[in-house]
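This report concerns only the one structure given below.
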Amino acid sequence: MELPLLVALRDDGSVDPDLDPKFDAETLRLLFRKMVFLRALDEKALHLQRSGRIGFYIGAAGQEAAESGSGFALQPGDWLFPSYRDQGVALLHGYPLSALVAQLFGNSADATKGRQMPNHWCDRSARVVSVSSPVATQLPQSVGAAYAAKLRGEKNAFIAYFGDGGSSTGEFHVAMNFAGVFSTPNVFFCSNNQYAISVPVSKQTASGSIAAKAAAYGIQGVRVDGNDVLAVYRVTRDALERARAGCGSTLVEAITYRMGAHSTSDDPARYRSGEEVEAWRRKDPIARFAGHLRRLGLLDEAAEEAAAVEAREEIRRAVAACESAPPVPPESLVEDVYAEMPWHLSEQREWIRKTAGS
Amino acid sequence: MELPLLVALRDDGSVDPDLDPKFDAETLRLLFRKMVFLRALDEKALHLQRSGRIGFYIGAAGQEAAESGSGFALQPGDWLFPSYRDQGVALLHGYPLSALVAQLFGNSADATKGRQMPNHWCDRSARVVSVSSPVATQLPQSVGAAYAAKLRGEKNAFIAYFGDGGSSTGEFHVAMNFAGVFSTPNVFFCSNNQYAISVPVSKQTASGSIAAKAAAYGIQGVRVDGNDVLAVYRVTRDALERARAGCGSTLVEAITYRMGAHSTSDDPARYRSGEEVEAWRRKDPIARFAGHLRRLGLLDEAAEEAAAVEAREEIRRAVAACESAPPVPPESLVEDVYAEMPWHLSEQREWIRKTAGS
Amino acid sequence: MATMTLVQAIHDALALEMERDPRVVLLGEDIGRNGGVFRATEGLWERFGPERVIDTPLAEAGIVGMAIGMSLNGLRPVAEIQFADFIFPAFEQIVSELAKFRYRSAGQFIAPVVIRTPSGGGIKGGHYHSQSPEAYFIHTAGLKVAMPSTPADAKGLLAAAMRDPDPVIFFEPKALYRTAKGEVPEGDFTVPLGKARTVRAGEDVSLITYGATVHVAEEAAALAQEEGIGVDLLDLRTLWPLDIEAVVRSVERTGRAVVLHEAPRTCGFGAELVALIQEKAFLHLKAPVARVTGFDTPFPYALEKLYIPDARRVLDAIRAAVSF
Amino acid sequence: MATMTLVQAIHDALALEMERDPRVVLLGEDIGRNGGVFRATEGLWERFGPERVIDTPLAEAGIVGMAIGMSLNGLRPVAEIQFADFIFPAFEQIVSELAKFRYRSAGQFIAPVVIRTPSGGGIKGGHYHSQSPEAYFIHTAGLKVAMPSTPADAKGLLAAAMRDPDPVIFFEPKALYRTAKGEVPEGDFTVPLGKARTVRAGEDVSLITYGATVHVAEEAAALAQEEGIGVDLLDLRTLWPLDIEAVVRSVERTGRAVVLHEAPRTCGFGAELVALIQEKAFLHLKAPVARVTGFDTPFPYALEKLYIPDARRVLDAIRAAVSF
Ligand SMILES: Cc1ncc(C[n+]2csc(CCOP(=O)(O)OP(=O)(O)O)c2C)c(N)n1
Ligand SMILES: Cc1ncc(C[n+]2csc(CCOP(=O)(O)OP(=O)(O)O)c2C)c(N)n1
Ligand SMILES: [Mg+2]
Ligand SMILES: [Mg+2]
């Protein structure tokens with residue numbers, strides 16, 4: 001049961017006219033800068049982690065085409081149910097960099113009060129739903145949110161992200177099945193980056209393809225070259241449009257590669273070879289898109305370098321703006337468990353006041 | 001994604017030579033008697049329930065071909081992971097009628113000490129695993145048991161039964177996926193009887209077929225006419241053989257119909273029409289097989305009646321033998337929670353001794 | 001006032017809230033055309049349509065996960081889990097997600113889902129149609145847990161739960177669905193979450209319980225009265241957040257307490273009640289707080305009657321407390 | 001004797017038992033080639049092969065369901081759940097199946113599965129890499145629950161769990177994996193399930209705990225000693241079935257008790273300990289049994305240090321108990 005792999009940016013430098021989103025020069029350059037920005041963000045965050053300034057980080061180097069291509073296709077009213085690796089999509093969907101960086105520090109500048117680990121952010125006003133660690137729990141939730149919109153006759157799409165590992169969970173199955181049965185406006189975007197921590201996708205499923213699983217649910221399935229930002233944009237845009245048009249859900253599988261570690265706690269050298277990594281590095285989605293833009297005469301070395309410098313500077317400013325914010329106040333520990341604080345948490349707040357001396 | 005529906009007993013009275021198991025006359029007659037026996041068992045049990053002699057019952061009328069055809073294909077060393085409706089398979093696999101009937105009464109004649117509701121039996125020596133109510137939990141278990149056999153180089157097959165409703169659970173997904181990845185000797189037998197209590201299969205999945213879901217896991221999928229005992233036997237036998245031969249797992253979908261209520265607590269008139277039921281009654285698997293045997297000259301009215309009388313008599317004797325056994329002793333309440341009784345259960349046994357005066 | 005059974009009162013609350021608030025939707029297995037296996041949603045599918053009374057595929061994780069998503073996007077979903085015994089496939093969604101959305105997003109995302117589910121024994125349902133799993137949810141910060149014992153409370157508490165800004169696990173004692181009958185206020189009516197009800201006042205011993213065992217407790221209290229023992233009987237109604245004041249006030253007066261539930265003893269809610277009582281009223285206690293509970297076994301089929309606490313066991317505990 | 005960290009002791013037990021008993025298999029996420037995210041299974045995949053050290057797809061329900069099936073068919077599986085926070089997708093298999101097989105089949109089918117899982121905070125893991133969910137499992141009849149605090153106990157208890165005829169949920173305090181170092185007997189070695197360990201003897205107050213907080217308790221006990229308060233410190237090691245004798249014996253002597261754990265307070269295991277102590281030693285109690293616990297909130301990221309009980313909070317409770 002093989003689905004074709006959709007590719008826009010062909011090896012010979014041409015673009016498949018059926019998949020070409022036909023962006024103008026400005027948009028192509030903008031998209032490129034977004035990808036460069038993500039790479040720079042990862043580098044900075046990894047540096048912050050290594051130097052002990054933040055506790056943890058999950059990078060997405062190598063997956064910039066999947067992140068930016070799909071994120072670029074979202075429209076403002078759409079809802080995003082991200083996984084912990086999708087900061088790239090969130091930023092494109094209106095989650096401010098300042099908020100994202102503050103979340104990494106988890107101090108009083110963080111809109112979520114330092115409640116969760118880095119990479120577990122959210123933004124109600126941007127419709128970016130709260131990231132949680134348990135893999136794939138967001139998938140059935142995205143179906144419910146989509147159902148609500150459909151019930152009210154709203155025309156937004158609901159995109160949820162997950163990984164190849166996530167496709168093995170029970171939550172994946174129930175979400176796809178509910179989306180099929182209720183014909184909701186969902187897009188399920190699987191970043192198949194070949195690994196779930198150390199487990200290769202060949203040990204995750206014997207089906208050979210995650211997109212092909214869509215048929216088991218009566219929804220659309222699409223396999224796309226996840227390192228091809230134009231193709232990813234195109235298939236995601238189409239899937240979102242089908243959703244908004246009331247034509248049901250799509251499962252998109254973007255074939256890509258996590259070039260770095262699973263997280264700052266991981267050592268990928270334990271489970272994959274240097275050659276394998278090298279082979280994928282040669283397919284680096286940023287370099288690939290840069291080559292395309294260069295061929296079109298839309299990019300030169302100076303512009304490429306400028307994009308990186310600009311990105312680094314913006315990130316540096318964001319970090320500087322929040323790094324030294326004071327820590328979250330101790331009492332905030334017991335807030336937001338319920339809408340109103342019940343007696344037992346008021347008691348616990350009293351202990352905090354006494355012992356923390358606040 | 002349509003799989004063909006396999007049929008052996010054709011409408012024109014002929015048998016598809018590719019699916020014909022080529023049973024001799026004795027075997028055909030035996031198989032028929034097994035089906036008749038199941039119908040008689042259901043009738044008796046429903047009567048016992050209506051007259052208040054047992055508390056509850058789950059019948060399988062209409063599904064006798066699926067039950068008997070598949071159960072007939074099992075070999076002694078195979079393991080059975082049944083659902084609550086598969087008494088027919090269990091009996092064919094060596095679970096004694098006397099034990100089954102005693103379980104309905106849940107008194108001291110019951111080998112499982114009256115611990116569970118009717119239809120929740122087991123038999124270690126027959127490799128019939130303990131039935132539990134939660135739908136589909138047995139599926140991943142059957143993969144683990146199969147893995148154990150494979151690890152030891154044993155050549156048995158592991159068959160697990162479930163319903164169309166069960167295909168929606170997370171457990172279904174993880175079981176199929178693990179079976180695919182570990183290439184275990186499993187057969188997953190889905191009795192698609194068109195309903196999960198009141199919910200029609202069209203609201204259970206938008207895929208149109210449960211067998212087709214096999215492709216999502218890289219395992220074999222087969223769709224068979226579940227009211228055709230020969231075809232069911234044939235596809236199940238083949239699937240079991242593939243399993244025993246180390247060729248991996250199969251998902252069998254048997255298309256059938258529950259002619260009666262979901263259980264004695266259910267009123268099917270609330271959710272399906274008389275015409276629908278009538279249409280399926282005309283496809284009664286026992287009548288269909290009887291017609292075949294009559295055409296072959298292997299059955300006449302007298303033999304048919306004799307089979308029913310004999311079945312009823314055997315069941316009557318089994319009921320009589322255990323119905324008046326004494327109740328289970330109160331102290332047995334706290335046995336078998338652990339291998340050895342810990343202090344807290346010994347204490348609780350003391351309360352029982354005091355209050356129950358035993 | 002109308003006389004209703006407990007299940008009719010549940011139905012009444014659902015119907016009224018659906019009428020009042022178009023954001024309310026119901027979802028679960030067999031709740032639509034079939035009206036629910038206990039008929040709690042009978043007629044609502046016909047009345048409010050299949051978009052608002054939703055028959056789902058057989059997947060509790062999907063039911064709760066979908067309900068969470070609905071609530072994030074402005075609906076007020078009421079999920080039915082057909083039996084509390086089948087809530088465990090949804091445990092991940094409840095414990096990791098439902099309970100934590102408000103906290104982890106610092107109030108940006110809230111998930112005011114009500115999960116209705118029949119619990120407890122008394123219908124010869126054996127292992128998987130009888131359990132009382134409330135302690136799992138009380139232990140999970142972020143959830144509210146309620147269980148009515150009368151038709152009026154069933155209606156009022158459920159309506160309150162459906163208007164509450166927090167997720168509520170709402171246990172319905174299935175043994176009472178048709179056996180508990182009583183006067184129920186007509187029309188709009190709520191019973192506030194977090195307030196216990198004094199079923200009868202007494203001076204000698206506090207008897208604290210909830211759900212189906214309230215009726216067992218009433219029986220035991222009447223028997224105790226015959227022996228001259230005055231029982232102060234408290235029906236908690238909301239298990240968590242607990243009406244701690246009512247509990248402490250009662251025990252301070254009586255100096256003795258028995259806590260009663262059907263769920264297994266070890267790490268059951270009774271343990272928490274004992275711990276709180278001895279923390280807050282230690283110097284008033286003239287006897288250890290006694291627990292009368294289910295056994296630490298899976299719920300049995302044949303020995304169901306032995307498993308569920310009866311008035312005699314409660315009376316024994318009352319006597320022991322008074323004569324300690 | 002060899003000096004080992006706690007994670008090395010776990011590794012040692014696994015390796016020795018795999019060597020000793022060919023029925024032992026390990027399964028979980030990233031436990032094979034990667035050696036486990038905490039390296040508890042390092043080298044075992046190379047040594048015993050991928051058939052016995054099994055990397056599974058990402059599905060805890062599958063891991064536990066598969067382990068149950070393996071155990072039904074004669075293997076002795078040890079399932080790793082990567083973090084205790086991710087055990088909930090397997091809750092259905094654990095609560096409805098693993099815990100009930102022996103009972104519901106009246107001993108015909110048994111499921112001696114060990115589930116190893118790192119629990120507790122201390123690594124800045126936030127909500128989902130820090131929880132202590134032991135109470136859920138203690139409340140579930142049919143399960144045994146253990147949690148070591150030293151390398152020697154980690155090895156001995158795990159080996160005992162792997163030979164036990166009942167399912168055991170084995171919590172490994174991840175904060176101790178590398179910080180707890182100690183002497184560990186070499187070769188075959190077990191610590192019996194169900195026996196507590198007296199960490200230090202004292203006459204004034206009993207301090208009862210398990211897992212990572214044993215070390216907090218030791219610190220607090222030392223501080224108390226400086227103030228002349230003798231602490232009788234008990235490390236439960238097996239949480240359930242509890243070593244009730246050791247608990248009661250200690251409290252009968254001291255007349256005062258503090259129970260300590262990291263898990264949330266409400267309906268935590270501490271509540272059960274309080275309930276049991278006051279049931280069995282009421283007349284010996286000179287003060288209410290105090291609980292020092294985590295807060296009734298999801299586990300926080302930034303305020304982790306505040307959340308986890310520290311020696312100062314324990315000392316406060318000890319002082320309060322003694323001066324009550
Ligand atoms: C339910 C659950 N089990 C285990 C984990 C631990 N864990 C975190 S990420 C991960 C791998 C996820 O892989 P994949 O879904 O492919 O996403 P990727 O990290 O590659 O983006 C695992 C096992 C978890 N977070 N949730
Ligand atoms: C996990 C779970 N949820 C709900 C139920 C309640 N229930 C019992 S049988 C049933 C329908 C099962 O339908 P299907 O799988 O098609 O099997 P059938 O009864 O038709 O043989 C339901 C919802 C259950 N037993 N387990
Ligand atoms: Mg991945
Ligand atoms: Mg069915």
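Chain identifiers are assigned alphabetically (A, B, ...) following the order of the sequence lines, protein sequences preceding nucleic acid strands; residue numbering begins at 1 within each chain. The model shown is predicted, which means the values in this text are computed figures rather than measured ones.
Residue contact with chain A, scored on non-hydrogen atoms closer than 4.5 Å, is absent for B:Glu171. For A:Phe182, no part sits under 4.5 Å from any heavy atom of chain B, backbone or side chain. Using a 4.5 Å cut-off between heavy atoms, A:Ser167 contacts chain B through its backbone alone, with no side-chain atom that close. Using a 4.5 Å cut-off between heavy atoms, B:Phe178 makes no contact with chain A at all. Within the 4.5 angstrom heavy-atom criterion, only backbone atoms of B:Thr169 (N, CA, C, O) approach chain A.
B:Ser191 and B:Asn193 are not linked by any side-chain donor-acceptor pair at a separation below 3.5 angstrom, with hydrogens and angles left out of the test. Defined by atom type and a distance below 3.5 Å, a donor-acceptor pair is present between the side-chain atoms of B:Tyr161 and B:Ser70. Between the side chains of A:Thr256 and A:Gln63, no donor-acceptor pair of N or O atoms lies under 3.5 Å. No donor-acceptor contact under 3.5 angstrom links the side chains of B:Asp266 and B:Ser263, judged on distance only.
Note on B:Arg234 versus B:Asp238: salt bridge recorded, some NZ/NE/NH1/NH2 to OD/OE distance being below 4.0 Å.
Between chain B and the options A:Gly248, A:Gly218, A:Ser202, the largest number of non-hydrogen pairs under 4.5 Å is found for A:Gly218.
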